[in-house]
Protein chains: 2
Amino acid sequence: MMVSTKGRYALTVMVDLARNEGGGYVSLSDIAEKEHLSMKYLESIISILNKGGMLMSLRGKNGGYKLARDPKDYNISEILLLTEGTLAPVNCIMQEGVQCEKAATCSTLPLWAGLDKAIEGYLSAITLEDIINGNRKKMLGDYCESCEPSETAE
Amino acid sequence: MMVSTKGRYALTVMVDLARNEGGGYVSLSDIAEKEHLSMKYLESIISILNKGGMLMSLRGKNGGYKLARDPKDYNISEILLLTEGTLAPVNCIMQEGVQCEKAATCSTLPLWAGLDKAIEGYLSAITLEDIINGNRKKMLGDYCESCEPSETAE
DNA sequence: ACAAATCCTACTCTGTTAGTAGGAATATGT
DNA sequence: ACATATTCCTACTAACAGAGTAGGATTTGT
């Protein structure tokens, strides 16, 4: 498993806030209660999102959080990258530039690099808006049984 | 990270054995030495591969392991699935049939399911033969800088 | 002043990862 | 027959990451 509860809950929070677009600030306790998640734990997660510039926050009574941008301007990759630190499927691919010393001769490296790109490519193509709109076709593609057949699959 | 050293080393072993196709049995110590990996640790990993029917083994002097099939008949997904147990990127997608009780109302589930399929799709399309042939085009696709542009990218 | 909220630091419990250790069973060459 | 090289099998351990908990300081609306 590559995405922990941290990233998953972060996405859940973002989706919740996206659904509230146009409304005011939403408090942590509201979200925690709605999603049946630990408020204290969510606090530490939302703090990462906030420091990463994903949210606007307001302290004090009636305070809370809201999205800093439009839902369509968040892709899922950036949300998960921020909270998880990395989405790399293996240790030997951590950051751009940093690589294993055996890289030059490693015959499996292209596989891992390709997998990394496949994951990154998938997640960066999907936005928060896609999720709140339930865009199954985009998310599930040819695997979606409730979608009509796509033209690319012929 | 989704693939641990277990799966990574397992793949390395399989690639090593694939390169030896047609030769006899290769001993664990040979592989461990060649790859600079702990022999004892490799032992526990190769045992999984063997029990999973991926290998043929021979005990005693001059014994060792070899592939049970042709390199082109192994896809990477099955090797990693066997050793890692699962390749699911999140906990809420574990096995076919088993699913989270919130599945029916969860708006992020299609995303995770789609990601899972993207990973599975990528890994099952690549074979051991692709790796030993260094088929960068198949592994890296449009991200491969040393490959000529593909027709699908236009 | 008070209550409701965000912010901040530190701690804990648990499971997984990445091995290590020791020996039993089995086949081969001499 | 015997030493040796190998696979097989069970058990153990140290370190780290994941998933929270705990307690309070700070800010703001009423």
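The model shown is predicted, which means the values in this text are computed figures rather than measured ones. Protein chains get the first letters and strands the later ones, always in sequence-line order, with residue 1 at the start of each.
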Just N and O in the side chain of B/Ser47: are any of them under 4.0 Å from OP1 or OP2 of D/dC9? no
If you compare every side-chain N and O of A/Asn50 against the phosphate oxygens of C/dC7 (OP1, OP2), does one of them come in below 4.0 Å? yes
In residues 25-37 of chain B, what residues come within less than 4.0 Å of DNA chain D, judged by heavy atoms? B/Ser27, B/Leu28
Separation of atom [atom1] in [X] from atom [atom2] in [N], rounded to whole Å:
X       : N      : atom1 : atom2 : value
A/Ile45 : C/dT6  : CD1   : P     : 14 Å
A/Ile48 : D/dA19 : CD1   : P     : 12 Å
A/Leu55 : C/dA5  : CG    : P     : 17 Å
B/Lys66 : D/dT7  : NZ    : P     : 14 Å
B/Leu42 : D/dT7  : CG    : P     : 11 Å
A/Met56 : C/dT6  : CE    : C1'   : 14 Å

Given B/Arg136, B/Lys138, B/Lys72, the one that forms side chain to side chain donor-acceptor pair (under 3.5 Å) with B/Asp130: B/Lys138
List every contact pair, protein side and nucleotides 27-30 of chain C side both N or O, where the distance is under 3.5 Å.
none

Considering residues at least two apart in sequence or located in another chain, which fulfil the side chain to side chain contact (heavy atoms under 4.5 Å, CB included) criterion with [X]?
X        : value
B/Asn20  : B/Val26
A/Pro71  : A/Ala18, A/Glu21, A/Leu67, A/Leu128, A/Glu129, A/Ile132
B/Ile119 : A/Met2, A/Leu115, A/Ile119, B/Met2, B/Pro89, B/Leu115, B/Leu123
B/Ser44  : B/Tyr41

All salt bridge (charged side-chain N to carboxylate O under 4.0 Å, His left out) counterparts of B/Asp116, not counting sequence neighbours: none
Do you know the tightest heavy-atom contact between A/Glu84 and A/Gly7? OE2-N, 2.8 Å
What residues, two or more places apart in sequence or in another chain, satisfy side chain to side chain donor-acceptor pair (under 3.5 Å) together with A/Thr12? none
Pair listing, side-chain hydrogen bond (donor to acceptor under 3.5 Å, both in side chains) test, anchored in residues 52-66 of chain B, at least two apart: B/Asn50-B/Ser57
Summary of salt bridge (Lys or Arg N to Asp or Glu O under 4.0 Å) pairs that have at least one residue in residues 25-40 of chain B, sequence neighbours excluded: B/Asp16-B/Lys34, B/Lys40-B/Glu43
Excluding A/Met56, membership of its hydrophobic cluster (Ile, Leu, Val, Met, Phe, Trp, Tyr; side-chain heavy atoms within less than 4.5 Å) reads A/Tyr25, A/Leu58
Sugar-phosphate atoms are those with a prime plus P, OP1 and OP2; base atoms are the rest. Using that split, label each nucleotide of nucleotides 9-21 of chain C B, S or - for protein heavy atoms under 4.0 Å, 5' to 3'. ---------BBBB
